[in-house]
Number of protein chains: 2
Amino acid sequence: MPRSQGSTERAQLSRERVLRAAVAVADGGGLGGLTIRSLATQLDVKPMSVYYYVANKNEILDGIVDLVFGEIELPVPGGDWRAEIGKRAHSAREVLRRHPWAIALMESRTSPGPATLRHHDANVGTFRAAGFSVAQTAHAYALLDAFVYGFAVQEASLPFEGSEDAAEVAGGMMEQFSSGQYPHLTELAVDHVLQPGYDFGDEFDFGLSLILDGLARLL
Amino acid sequence: MPRSQGSTERAQLSRERVLRAAVAVADGGGLGGLTIRSLATQLDVKPMSVYYYVANKNEILDGIVDLVFGEIELPVPGGDWRAEIGKRAHSAREVLRRHPWAIALMESRTSPGPATLRHHDANVGTFRAAGFSVAQTAHAYALLDAFVYGFAVQEASLPFEGSEDAAEVAGGMMEQFSSGQYPHLTELAVDHVLQPGYDFGDEFDFGLSLILDGLARLL
DNA sequence: GGAGAGTATCGTACTTAGTACGAAACTGCT
DNA sequence: AGCAGTTTCGTACTAAGTACGATACTCTCC
């Protein structure tokens with residue numbers, strides 16, 4: 001019974017709408033909160049209706065990973081490679097921050113969608129245009145992406161957001177720290193991480209610069 | 001009814017045995033294959049028996065993450081920092097290769113166990129002993145771990161193991177490649193990744209060296 | 001050596017989630 | 001109107017986490 005009463009006109013479903021709604025649900029409640037039923041609720045339909053547009057939940061997961069890849073700004077081959085690669089690294093980090101659940105997914109999905117392939121192609125192309133050999137490009141891209149993904153993993157696992165609430169969260173761990181068993185961790189926490197103004201996110205630029213410097217030396 | 005017939009003496013359960021069995025199940029069938037029922041089968045008991053040793057499945061997940069951290073070789077503060085840090089990076093990579101499911105877990109768990117804390121403490125201590133300032137240690141460790149985790153994520157998402165079967169797996173993707181839409185990816189695949197002898201794992205040493213070189217320059 | 005008390009294991013059953021199967025409601029054509 | 005194609009939904013089965021309480025075994029302490 002589509003578009004039932006004619007008055008409360010409900011937009012048509014579509015694969016696109018299903019996947020976008022899935023992203024919204026995951027953003028709100030994590031991957032665990034994404035169930036066919038929660039997705040159906042979000043779309044204001046009954047669970048089985050979404051199965052007209054996707055074969056199964058796996059297809060939804062593949063689909064939203066590709067949507068996320070599509071949100072990352074593409075580097076432009078032929079431009080200033082440091083700027084282009086840096087730009088897309090920052091963009092990727094932002095996107096993964098917006099959709100932390102995507103990191104876990106990218107690991108388990110094995111069938112890349114078109115946005116994913118386009119994304120990788122643009123990156124590889126940027127390195128090649130900058131003068132990196134094919135082998136060097138493989139090295140560089142593997143390293144850079146390992147850093148971006150890994151940083152996102154770390155950032156996602158932080159139990160706090162920003163620097164303000166770091167202190168209180170750390171309070172709980174401090175009980176274990178105060179046993180004196182972890183002196184170096186304690187020092188790092190007390191003298192650095194818990195200081196006002198500390199933002200783990202700043203570590204991203206340090207790492208990115210170090211890596212880009214190292215890569216530049218290859219040329 | 002413990003140790004029932006006296007003859008088929010079944011070893012006592014324990015939290016330790018439960019967690020080790022959980023690791024074994026996850027190693028065999030991935031995180032998805034780890035259910036209370038599959039775990040119980042592995043232990044040769046009935047599902048509810050494991051709940052005597054753990055409060056819920058979450059506790060199992062926290063527990064096995066800590067077990068995995070415990071498998072990683074610790075660096076020794078005060079030794080040759082490059083060697084020590086490099087050793088633990090390789091060890092971490094090996095361990096994460098043995099237990100690929102652990103990567104996804106580390107992201108979502110927020111209550112570190114003792115092995116986890118000990119691990120981080122040893123790393124931080126090694127940097128400090130090498131002469132890195134507290135702030136530099138934070139930079140260095142964040143960068144290094146981002147790389148190690150990120151590399152593990154990438155390695156886990158490879159649909160093949162070793163270089164032999166790369167070719168056939170790539171065959172499927174090639175259909176999309178051959179459309180000519182992804183020229184740089186195609187070049188990378190054909191001229192490099194699919195060449196005999198290519199092993200993605202080798203990229204690890206390149207990245208690790210580049211990072212350690214960059215860090216050494218800080219001192 | 002029997003009576004609790006404590007320890008370890010299990011049976012039953014409820015809940016949530018994915019989804020197969022087919023019915024039903026609506027659309028546009030003829 | 002009648003029919004075919006499209007879209008949505010109702011019912012129901014299965015798998016998995018786990019609450020609750022029963023059951024069986026072990027270890028004191030008299």
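Heavy atoms only: backbone and side chains are in, while hydrogens, waters and symmetry mates are out. Convention: sequence-line order gives letters A, B, ...; per-chain numbering from 1.
- Looking at the side chain of Ile36(A), the nearest of the listed nucleotides dT7(C), dT19(C), dT8(D) is dT19(C).
- For Val45(B), whose side chain is taken as the heavy atoms from C-beta onward, the closest listed nucleotide among dC10(C), dT7(D), dT9(C) is dC10(C).
- Within the model, atoms CZ of Arg93(B) and CZ of Arg88(B) stand 13.5 Å from one another, a figure rounded to the nearest 0.5 Å.
- Straight-line distance from the CG atom of Leu61(A) to the C1' atom of dA17(C): 14 Å, rounded to whole Å.
- Here the P atom of nucleotide dA17(C) and the CG atom of Asn56(A) are 18 Å apart, to the nearest Å.
- Rounded to whole Å, the distance from CG on Leu43(B) to P on dT9(C) is 10 Å.
- For Phe206(B), the ring-ring contact (aromatic ring centres under 6.0 Å, His included) partners two or more places apart in sequence, or in a different chain, are His139(A).
- In this structure, CD of Glu59(B) is placed 14 Å from C1' of dT18(D), rounded to the nearest angstrom.
- Side-chain contact between Glu203(A) and Tyr198(A): present, with at least one pair of heavy atoms (C-beta onward) separated by less than 4.5 Å.
- Nearer the 5' end of DNA chain C, as judged by each residue's closest nucleotide, is the contact made by Ser14(B), out of Ser14(B) and Lys57(A).
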Produce the list of close N/O pairs, under 3.5 Å, pairing protein atoms with atoms of nucleotides 12-16 of chain C; give distances to one decimal.
none

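- Comparing dT18(D), dC9(D), dA8(C) against the side chain of Gln12(B) picks out dA8(C) as the nearest.
- OP1 or OP2 of dC10(C) lies within a sub-4.0 Å distance of a side-chain N or O belonging to Ser49(B).
- Ranked by how close their nearest DNA chain C nucleotide is to the 5' end, Tyr51(B) and Asn58(A) are led by Tyr51(B).
- Between Phe200(B) and Phe151(B), the ring planes lie parallel to each other; the angle is under 30°, not in the 30° to 60° tilted range.
- Taking atom CG of residue Leu39(B) and atom P of nucleotide dC10(C), one finds them 13 Å apart after rounding to whole Å.
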